[in-house]
Peer 1: 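My questions will all concern the structure given below.
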Amino acid sequence: MSEQQSDHDWMARAIQLGARGLYTTEPNPRVGCVLVQAGELVGEGWHVRAGEGHAEVNALRQAGARARGATAYVTLEPCSHFGKTPPCADALIAAGVSRVVAAMQDPNPQVAGRGLQRLRDAGIEVQCGLLEAEARQLNPGFIKRMQQGLPWVRLKLAMSLDGRTAMASGESQWITGPQARADVQRLRARSGAVISGADSVLLDDSALTVRAAELGLEPAEAQAAAARQPLRVLIDGRLRVPLSQRLFRETGPVLVVCTDAGRREAEYQAHQAELLTLPDHAGRVDLAQLLAELAGRGCNEVLVESGAALAGAFWQAGLVDELIVYMAPRLLGSRARPLLELPFDSMAEAMDVQITDLRAIGNDWRVTARPVG
């Protein structure tokens, strides 16, 4: 096996390891690390959860003295600053590794490249860019938050084959089957926040929580995923949703975003809810400012689960990075509600998307798409 192919295979292993932190590392990135000595794996690790050891530290701990002279394959540039843990670049230097292969630089423009330079200054051979595209897929939200100050936004919708999301009355449970609903639970579990609107919560009495039993994962992984609940965000401009709704009865914080709090902060605080006033120039909730606020709170990925009106507002504002549509093999009829409220009148207004993934989920189909342009 050539050295180039060997590097490729070891980095692919590191990416697999990084993916094990899919549900648990927020607000940190998902990172994997592999240590190889003379073609033999001597240590591997991944970042399990925020506040605990990083991938490099976990791999070094497993390798022990065998790390000296080894090559480290890591999916993200080793950190060079003190946070809740010491710099990983320093740990690699102290362990005596001879070579570091990183998939990508740290996306934070204030620190990008500093960890790699620290390694070079210590006499360690450094390469960067191997399987970068695959490594970036581990952390779309962390990358966007570091570079743009905004989270990665997924808009999730469920529809019938004829493109309807609910009956005219608002009845929508359930359009899709249990496998699709478990898939949505996994989307929630990987997100830093889940956003919904007043109409959806009033109709469905949604809790917006991650429920371990519904994730469709192995018990230990499901429990770990459900232990870190996303921030539940309710967009309720006029504070129409009663505090008796299930959203406020479930354990965990809720952020209610409105246009005028009306001195009701204490009332909401008694229900573990925080009021945030964010009116835009038209008197509606400022969605862009909300996303910036969530990024400031460390949310890398945000899931929007809402009705057609709020979904259309996010889409028209250009705030959606990824559209995920679950399509059920049933017809709801022409009187049922549309997928998105987009009041177009001509073909010139039509908006194109690029379909990036299409797969069966149980009896339903999941379409993943991104806006064009």
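Heads up: numbering here begins at 1 and tracks the sequence.
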Peer 1: Compare every heavy atom of V302 with every heavy atom of L291, then report the nearest pair and how far apart it is.
Peer 2: CD2-CG1, 4.5 Å
Peer 1: If a pair satisfies salt bridge (charged side-chain N to carboxylate O under 4.0 Å, His left out) and one of its residues is in residues 147-160, list it, with sequence neighbours excluded.
Peer 2: R154-E301, R154-E322, K156-E305
Peer 1: Taking atom CZ of R120 as the centre, does the number of heavy atoms from other residues, nucleotides or ligands within less than 6.0 Å exceed 12?
Peer 2: yes
Peer 1: Donor-acceptor pair, D204 side chain versus S206 backbone, under 3.5 Å?
Peer 2: no
Peer 1: Nearest 0.5 Å please: distance from the CG atom of L231 over to the CG atom of L294.
Peer 2: 6.5 Å
Peer 1: Check whether more than 12 heavy atoms from other residues, nucleotides or ligands sit under 6.0 Å from atom CG of L161, and answer yes or no.
Peer 2: yes
Peer 1: What verdict does the side chain to side chain contact (heavy atoms under 4.5 Å, CB included) test give for L276 and V256, after you've listed the backbone C-alpha separation in whole Å, the side-chain angles of each residue and the deciding distance to 0.1 Å?
Peer 2: CA-CA 6 Å; L276 177 64; V256 180; over 6 Å; no
Peer 1: Looking only at atom types and distance, does a side-chain atom of H47 sit under 3.5 Å from a main-chain N or O of N28, one as donor and one as acceptor?
Peer 2: no
Peer 1: I'd like to know whether R118 forms a side chain to side chain contact (heavy atoms under 4.5 Å, CB included) with I93, so could you lay out the CA-CA distance, the side-chain angles of the two residues, the decisive distance to 0.1 Å, and finally the verdict.
Peer 2: CA-CA 9 Å; R118 184 174 295 190; I93 294 169; 3.9 Å; yes
Peer 1: Are L243 and I235 linked, directly or through intermediate hydrophobic residues, by side-chain heavy-atom contacts shorter than 4.5 Å (ILVMFWY only)?
Peer 2: no
Peer 1: Check the pair D199, R240 against salt bridge (Lys or Arg N to Asp or Glu O under 4.0 Å), reporting the backbone distance first and the verdict last.
Peer 2: CA-CA 9 Å; D199 289 340; R240 295 183 291 126; 2.9 Å; yes
Peer 1: With no hydrogens and no angle check, is any side-chain donor or acceptor of Q245 less than 3.5 Å from a backbone partner on V201?
Peer 2: yes
Peer 1: Using side chain to side chain donor-acceptor pair (under 3.5 Å) as the criterion, list what pairs up with T259, not counting sequence neighbours.
Peer 2: none
Peer 1: Between R66 and A70, what is the shortest heavy-atom contact and its length?
Peer 2: O-CB, 4.0 Å
Peer 1: I want to check something: taking the side chain as every heavy atom from C-beta on, are M159 and V325 in contact at a cut-off of under 4.5 Å?
Peer 2: yes
Peer 1: Could you state the interatomic distance from CZ (R359) to CH2 (W365), rounded to the nearest 0.5 Å?
Peer 2: 10.5 Å
Peer 1: When you look at C258 and V285, which way does the side chain to side chain contact (heavy atoms under 4.5 Å, CB included) test go after all the steps?
Peer 2: CA-CA 6 Å; C258 62; V285 169; 5.6 Å; no
Peer 1: Return yes if some donor-acceptor pair links the side-chain N/O of Q185 with the main-chain N/O of E214 below 3.5 Å, else return no.
Peer 2: no
Peer 1: Kindly indicate whether the side chain of Y268, heavy atoms from C-beta on, has any atom under 4.5 Å from the side chain of L239.
Peer 2: yes
Peer 1: Would you compute the distance between atom CG of L35 and atom CH2 of W10 and round it to the nearest 0.5 angstrom?
Peer 2: 10.5 Å
Peer 1: Quick check: do R188 and L208 have side-chain heavy atoms less than 4.5 Å from each other?
Peer 2: yes
Peer 1: Below 4.5 Å, heavy atoms only, C-beta onward: do L157 and I324 meet side chain to side chain?
Peer 2: no
Peer 1: If only atom types and distance count, is the side chain of R228 paired as donor or acceptor with the main-chain N or O of G192 below 3.5 Å?
Peer 2: no
Peer 1: Would you please test D357 and R366 for salt bridge (Lys or Arg N to Asp or Glu O under 4.0 Å) and show each step?
Peer 2: CA-CA 8 Å; D357 188 69; R366 187 185 70 195; 3.5 Å; yes
Peer 1: Within the distance-only criterion (no hydrogens, no angle test), does the side chain of S200 pair as donor or acceptor with the backbone N or O of S196 below 3.5 angstrom?
Peer 2: no
Peer 1: Could you walk me through whether R238 and D236 pass salt bridge (Lys or Arg N to Asp or Glu O under 4.0 Å), step by step?
Peer 2: CA-CA 6 Å; R238 293 173 288 159; D236 188 7; over 6 Å; no
Peer 1: Can you hop from I143 to V320 via hydrophobic side chains spaced under 4.5 Å?
Peer 2: no
Peer 1: Please find the pair of heavy atoms, one from L119 and one from P78, that lie closest to each other, and give the distance.
Peer 2: CD1-CG, 4.1 Å
Peer 1: Give me the atom names and distance for the closest heavy-atom approach of T176 to A180.
Peer 2: CB-CB, 3.8 Å
Peer 1: Any side-chain heavy atom of R145 within less than 4.5 Å of one from P27?
Peer 2: yes
Peer 1: SG/C33 to CD/E56 distance, rounded to the nearest 0.5 angstrom?
Peer 2: 5.0 Å
Peer 1: Does any N or O in the side chain of D364 come within less than 3.5 Å of the main-chain N or O of G177, such that one atom is a donor and the other an acceptor?
Peer 2: yes
Peer 1: Within the side chain of R249, is there an N or O that forms a donor-acceptor pair under 3.5 Å with the backbone of S244?
Peer 2: yes
Peer 1: Can you measure from CD1 (I195) to CG (L310) and round to the nearest 0.5 angstrom?
Peer 2: 8.0 Å
Peer 1: So, for Q62 and G43, which heavy atoms are closest and what is the spacing to 0.1 Å?
Peer 2: OE1-CA, 3.3 Å
Peer 1: Are V36 and V97 linked, directly or through intermediate hydrophobic residues, by side-chain heavy-atom contacts shorter than 4.5 Å (ILVMFWY only)?
Peer 2: no
Peer 1: Do L150 and V257 share a hydrophobic cluster (ILVMFWY, side-chain heavy atoms under 4.5 Å, transitive)?
Peer 2: yes
Peer 1: Check which hydrophobic residues are tied to L22 through side-chain heavy-atom contacts below 4.5 Å, counting indirect links as well, and list them.
Peer 2: Y23, V210, L215, L217
Peer 1: Minimum heavy-atom separation for W152 to G141, with atom names?
Peer 2: CB-CA, 3.5 Å
Peer 1: Per the side chain to side chain contact (heavy atoms under 4.5 Å, CB included) rule, which among T71, V74, V126 passes with V101?
Peer 2: T71
Peer 1: Do V241 and L202 come within less than 4.5 Å of each other through their side chains, counting heavy atoms only?
Peer 2: yes
Peer 1: Using the rule that two of Ile, Leu, Val, Met, Phe, Trp, Tyr join whenever any of their side-chain heavy atoms come within less than 4.5 Å, decide whether M327 and W315 are in one cluster.
Peer 2: yes
Peer 1: Could you check whether any side-chain N or O of E77 sits under 3.5 Å from a backbone N or O of D106, counting only pairs where one atom can act as donor and the other as acceptor?
Peer 2: yes
Peer 1: Check the pair D90, L92 against side chain to side chain contact (heavy atoms under 4.5 Å, CB included), reporting the backbone distance first and the verdict last.
Peer 2: CA-CA 5 Å; D90 289 355; L92 291 168; over 6 Å; no
Peer 1: When rounded to the nearest 0.5 angstrom, what distance separates CG in L303 from CZ in R186?
Peer 2: 13.0 Å
Peer 1: Checking side-chain polar atoms at under 3.5 Å, does Q117 have a donor or acceptor matched by the opposite partner on D121?
Peer 2: yes
Peer 1: Got V233 and L290 here, is their nearest side-chain heavy-atom distance under 4.5 Å?
Peer 2: yes
Peer 1: Holding to side chain to side chain donor-acceptor pair (under 3.5 Å), I want the full list of residues that pass it with R263, two or more places apart in sequence or in another chain.
Peer 2: none
Peer 1: Is E274 paired with R297 through a side-chain N to carboxylate O contact shorter than 4.0 Å?
Peer 2: yes
Peer 1: Indicate yes or no for a side-chain donor-acceptor contact from Q229 to the backbone of A226 under 3.5 Å, with no hydrogens or angles considered.
Peer 2: yes
Peer 1: Quick one: list whatever passes side-chain contact (heavy atoms from CB on, under 4.5 Å) with A288, sequence neighbours left out.
Peer 2: D286, L319
Peer 1: Under a 3.5 Å cutoff, is there a donor and acceptor pairing between the side chains of R99 and Q127?
Peer 2: yes
Peer 1: Ignoring hydrogens and angles, write down the donor-acceptor pairs under 3.5 Å from the side chains of residues 129-140, residues two or more places apart or on other chains.
Peer 2:
from: N139; atom 1: OD1; to: R30; atom 2: N; distance (Å): 2.6
from: N139; atom 1: ND2; to: R30; atom 2: O; distance (Å): 2.9

Peer 1: Less than 4.5 Å apart, any side-chain heavy atom of R264 and any of L275?
Peer 2: yes
